[in-house]
Amino acid sequence: MRRVRVGAIRGRHPLPVERYLFRVPWLATGPDLVAETRLAVRKLYADGIREVDFYPTGLTQVSVEAVGEMVRLGMSVRVFHYSRQTGGYFPSPTIAVHRRRA
C-alpha cells in the first residue's frame, strides 16, 4: 500500500501533496469545523487510503482533529513540518503513528 501525501487546506501555503482535506483557503473555526475535518478524513479512509504523510498548514484546529481522526481510524500517519532554513519539509520526530496490523 502506498503512502499518500495530504495537505490540510489548499491555498494557504504551497504544499508537496496529492490531495487536500479542504479546497478553500479560509474556514470558519468552531464545532462545525471539527465535524467537517473528521468527515474529510473519513473520505480518505473510504477511498481506501490507510497510510498518510500529513502536511498541516497552520490552522491548529484542522491539524489536531485530522491527526486524531486518522489515529482513531487506525491509519498510519506521519506529520511533516516546514523548515525555514532549508525551504523543505521534514517528518516530525514526535508524531508518527503506524497502522495496527490485523
Side-chain angles (χ1 to χ4, degrees):
M1 186 174 302
R2 78 177 182 89
R3 298 190 76 81
V4 176
R5 294 177 311 217
V6 177
I9 304 165
R10 182 177 175 186
R12 287 180 65 97
H13 306 286
L15 299 172
V17 300
E18 302 159 58
R19 292 181 65 162
Y20 288 91
L21 294 179
F22 296 101
R23 297 177 189 210
V24 294
W26 304 108
L27 300 166
T29 59
D32 290 343
L33 186 55
V34 170
E36 290 175 31
T37 301
R38 290 179 180 172
L39 286 173
V41 171
R42 290 179 193 152
K43 170 77 169 114
L44 295 176
Y45 192 84
D47 288 346
I49 297 170
R50 301 293 186 271
E51 297 180 2
V52 174
D53 285 344
F54 184 61
Y55 293 76
T57 54
L59 190 53
T60 304
Q61 189 174 13
V62 169
S63 301
V64 169
E65 291 302 326
V67 170
E69 189 65 12
M70 290 175 195
V71 170
R72 277 189 287 281
L73 293 171
M75 298 169 79
S76 173
V77 59
R78 293 186 301 191
V79 176
F80 282 74
H81 301 288
Y82 181 74
S83 169
R84 289 183 185 171
Q85 293 173 328
T86 67
Y89 290 84
F90 64 95
S92 171
T94 306
I95 303 174
V97 179
H98 301 286
R99 188 171 157 231
R100 294 179 292 274
R101 303 282 180 204

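Values in this document were obtained by computation on a predicted structure and should not be read as measured data.
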Q: Identify whether Val77 and Val4 are in the same connected component of the hydrophobic contact network (ILVMFWY, side-chain heavy atoms under 4.5 Å).
A: yes
Q: Let me know which of Leu39, Val34, Asp32 forms a side-chain contact (heavy atoms from CB on, under 4.5 Å) with Glu36.
A: Asp32
Q.
Just verifying a value: how many Å separate Arg5 CZ and Arg78 CZ, rounded to the nearest 0.5 Å?
A. 11.0 Å
Q. Is there a path from Leu73 to Val6 through hydrophobic residues (I, L, V, M, F, W, Y) whose side chains come within less than 4.5 Å of each other?
A. yes
Q: Provide the closest heavy-atom pair for Arg3 versus Ser76 in the form atom of the first, atom of the second, distance.
A: NH1-OG, 3.3 Å
Q) Got Leu21 and Phe54 here, is their nearest side-chain heavy-atom distance under 4.5 Å? A) yes
Q: Please report the shortest heavy-atom distance between Ala8 and Pro56, naming the atom on each side.
A: CB-CA, 4.2 Å
Q. Val52, Val17: one ILVMFWY side-chain cluster at the under-4.5 Å cut-off?
A. no
(Q) For Tyr45, is there any backbone N or O sitting under 3.5 Å from a side-chain donor or acceptor partner on Arg50? (A) yes
Q | Verdict with supporting geometry, Ile9 and Val62, side chain to side chain contact (heavy atoms under 4.5 Å, CB included) | A | CA-CA 9 Å; Ile9 304 165; Val62 169; 4.2 Å; yes
Q.
Would you compute the distance between atom NZ of Lys43 and atom CD1 of Ile49 and round it to the nearest 0.5 angstrom?
A. 8.5 Å
Q. Is a donor on one side and an acceptor on the other found under 3.5 Å between the side chain of Arg38 and the backbone of Glu69?
A. no
Q) Can you say whether the rings of Tyr55 and Tyr89 are parallel (under 30°), tilted (30 to 60°) or perpendicular (over 60°)? A) perpendicular
Q. Under a 4.5 Å cut-off applied to non-hydrogen side-chain atoms, are Leu59 and Leu33 in contact?
A. yes
Q | Close side-chain approach of Arg72 and Val41, heavy atoms under 4.5 Å | A | no
(Q) With a 4.5 Å cut-off on side-chain heavy atoms, are Thr37 and Phe22 touching? (A) yes
